[in-house]
Amino acid sequence: MKRHCVVIGAGIVGASCAWHLQRRGRQVTLVDPELPGDACSYGNASCIATSGVVPLSVPGIIKKVPGWLMDPLGPVTIRPAHLPALAPWLWKFWRVCNTPNVEAIAGAQALLMHEVLADWDEILAAAGASHLKQSPGAIHLYDTEREYRDDQWQFELSKKLGFEHQRLSPADLKTMVPELKLDGGVALLVSDWHHLVDPAKATARIAEDCIGQGGRWIQDRVSTVAAAESGVSLKTAGGAAIEADEVVIAAGAWSNSLAGQLDYRVPLIAERGYHSQIANPGIALKHPVMSLTRHFVMTPLEGGLRVAGTAEFAALDAEPDYRRARVLLELAGRYLDGLRADDVTEWMGQRPAMPDSLPVISASPRHANVFYAFGHGHYGITQGPTTGRIIAEMIAGGKPPLDISAYRFDRFA
């Protein structure tokens, strides 16, 4: 009989884990209260951001935070009532921001990033969904030359790790994005970025391919999980009992409640992101355009123009503040001449964020049949298929294709 593995979480990470496990001969059960692709994998910026290796916590960032918090259009906000609960995570985040840590983290991210395009191509081709990925590169913007010079060390570090960028002349930029307004700023073409025209559909197709090959789908929330040498036992909120040989915890920002039952909780928080999607924007971008001054992305999708970004720190169960989504529309209007915003939908999602910006891709420190795949932060959609392949190879008894020690579950123990 096939060994049975339960994957908890049907976002891009969980769906990819399930798909790869199915291909390696496991009987897979995929469990999530939402349909595959309906949570963070629905509303992200939809970019496969291969060069995003530098962590969020970099030298000098603490000096910028007060200005961001005071700016109503700023990229970061913290709900004051939730600050005490967030303080331990913020302390660990601050401890990352020194040059040796940043370089080590960037190197660890680069190991994953060099794998992601091939893994995306493989999984989409098998699922009959290759048409959902586009590869024209992305345009990154700075409002001023000084801001670009201040960040130039990050591009040099990225280049050292194998990721290139090209500065665009005003004439080249005008040809590529005629609607863009950037007086005196800097534009860069990052050619190895790709994007998905519908990230939710891509995730759903991967999950459907797994289920079509014999995988089992349960739409429910796992409430309890336990592990012993003989196997794992799960119970859902709907009353179902599931027995399996292994379990993968890939529940995004909700993973800690399950990790705490099996091992212990790790410094994982929900870093909220918002988007506004314009069904008929009146302009047609070919490339995703990212403002590195304002920290948001404008991505052309099948369903219109998605304007995504911001970081809001709040409790996992706090109500959304959709003013953050409307801020994004105002910012987009500053950059795109002729933008129409008459038919707009708004969304909020919970990024699973670790203080060092690295994901958890790891075996349990206590149980040989428990595995973790969460905490990808801004790069879940980028690293999902690669994470799934690594987890499947670990469970199947093979050697991971790269050194995964930097992503271990117990690195903050």
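What's counted below: heavy atoms across the whole structure, side chains too, no hydrogens, waters or symmetry copies. The shown structure was predicted, so the numbers you read here are calculated from the model rather than taken from an experiment.
When the shell of 6.0 Å around CZ of R411 is examined, it contains more than 12 heavy atoms from other residues, nucleotides or ligands. No more than 12 heavy atoms of other residues, nucleotides or ligands lie within 6.0 Å of CD in E229, so this atom counts as exposed by the packing criterion. Heavy-atom contacts from other residues, nucleotides or ligands closer than 6.0 Å to NZ of K159 number 12 or fewer.
Among L268, I8, V13, the single residue meeting the side-chain contact (heavy atoms from CB on, under 4.5 Å) criterion with F374 is L268.
Between T382 and W120, every side-chain heavy-atom pair lies at or beyond the 4.5 Å cut-off. Between T236 and R221, the closest side-chain pair of non-hydrogen atoms is not below 4.5 Å. Residues H367 and V247 have side chains not in contact (no heavy-atom distance under 4.5 Å, counting atoms from C-beta outward). Side chains of W153 and V58 form a contact here, defined as non-hydrogen atoms less than 4.5 Å apart. Residues I395 and V248 are in side-chain contact: their nearest non-hydrogen atoms beyond the backbone lie under 4.5 Å apart.
Here the straight-line distance linking atom OH of Y335 with atom CD of E179 works out to 16.0 Å at 0.5 Å rounding. The OG1 atom of T299 lies 7.0 Å from the NE2 atom of H195; values are rounded to the nearest 0.5 Å.
The main-chain N or O of L316 is found under 3.5 Å from a side-chain atom of Q350 such that the two form a donor-acceptor pair. Without hydrogens or angle criteria, H275 side chain to G43 main chain gives a donor-acceptor distance under 3.5 Å. Without hydrogens or angle criteria, R334 side chain to L331 main chain gives no donor-acceptor distance under 3.5 Å. Remark: the backbone N or O of P55 is not paired with any side-chain donor or acceptor of S357 at under 3.5 angstrom. In this structure, the side chain of Q27 engages the main chain of G214 through a donor-acceptor pair within 3.5 Å. A donor-acceptor contact shorter than 3.5 Å links the side chain of T203 to the backbone of P199. Remark: side-chain polar atoms of D245 are paired, donor with acceptor, to backbone N or O of H4 under 3.5 angstrom. In this structure, N98 contributes its side chain and N101 its backbone to a donor-acceptor pair below 3.5 Å.
Between K160 and E156 there is no salt bridge, since none of the side-chain N atoms of the basic residue sits less than 4.0 Å from a carboxylate O of the acidic one. Checked for salt-bridge contact, D198 and R205 miss the test: no charged N lies under 4.0 Å from a carboxylate O.
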Working for salt bridge (charged side-chain N to carboxylate O under 4.0 Å, His left out), residues R326 and E330: CA-CA 7 Å; R326 291 161 208 150; E330 183 175 341; over 6 Å; no

Ring pair (Phe, Tyr, Trp, His ring centres under 6.0 Å) between Y274 and F296, worked out: CA-CA 10 Å; Y274 290 82; F296 76 102; over 10 Å; no

Worked check of salt bridge (charged side-chain N to carboxylate O under 4.0 Å, His left out) between D121 and K133: CA-CA 8 Å; D121 287 342; K133 183 167 77 68; 3.0 Å; yes

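The aromatic rings of F155 and H165 sit tilted relative to each other, their planes meeting at an angle between 30° and 60°.
Geometrically, R306 engages Y42 in a cation-pi contact, judged by NZ or CZ lying under 6.0 Å from the ring centre and within 45° of the ring axis.
Scored by the side-chain hydrogen bond (donor to acceptor under 3.5 Å, both in side chains) test, R79 finds E312 as partners (sequence neighbours excluded). With sequence neighbours left out, W89 forms a ring pair (Phe, Tyr, Trp, His ring centres under 6.0 Å) with F93, F313. In this structure, Y407 has no ring pair (Phe, Tyr, Trp, His ring centres under 6.0 Å) partners at least two apart in sequence or on a different chain. For T50, the side-chain hydrogen bond (donor to acceptor under 3.5 Å, both in side chains) criterion is met by D192, not counting sequence neighbours. When the side chain to side chain contact (heavy atoms under 4.5 Å, CB included) test is applied to P281, the partners found at least two apart in sequence or on another chain are I278, I283, L305, L339.
Note on residues 372-394: pairs passing salt bridge (Lys or Arg N to Asp or Glu O under 4.0 Å), not counting sequence neighbours, are R24-E393, E115-R389, D119-R389, R389-E393.
Between S276 and E346, the side chains place no donor N or O within less than 3.5 Å of an acceptor N or O (distance only, hydrogens not considered).
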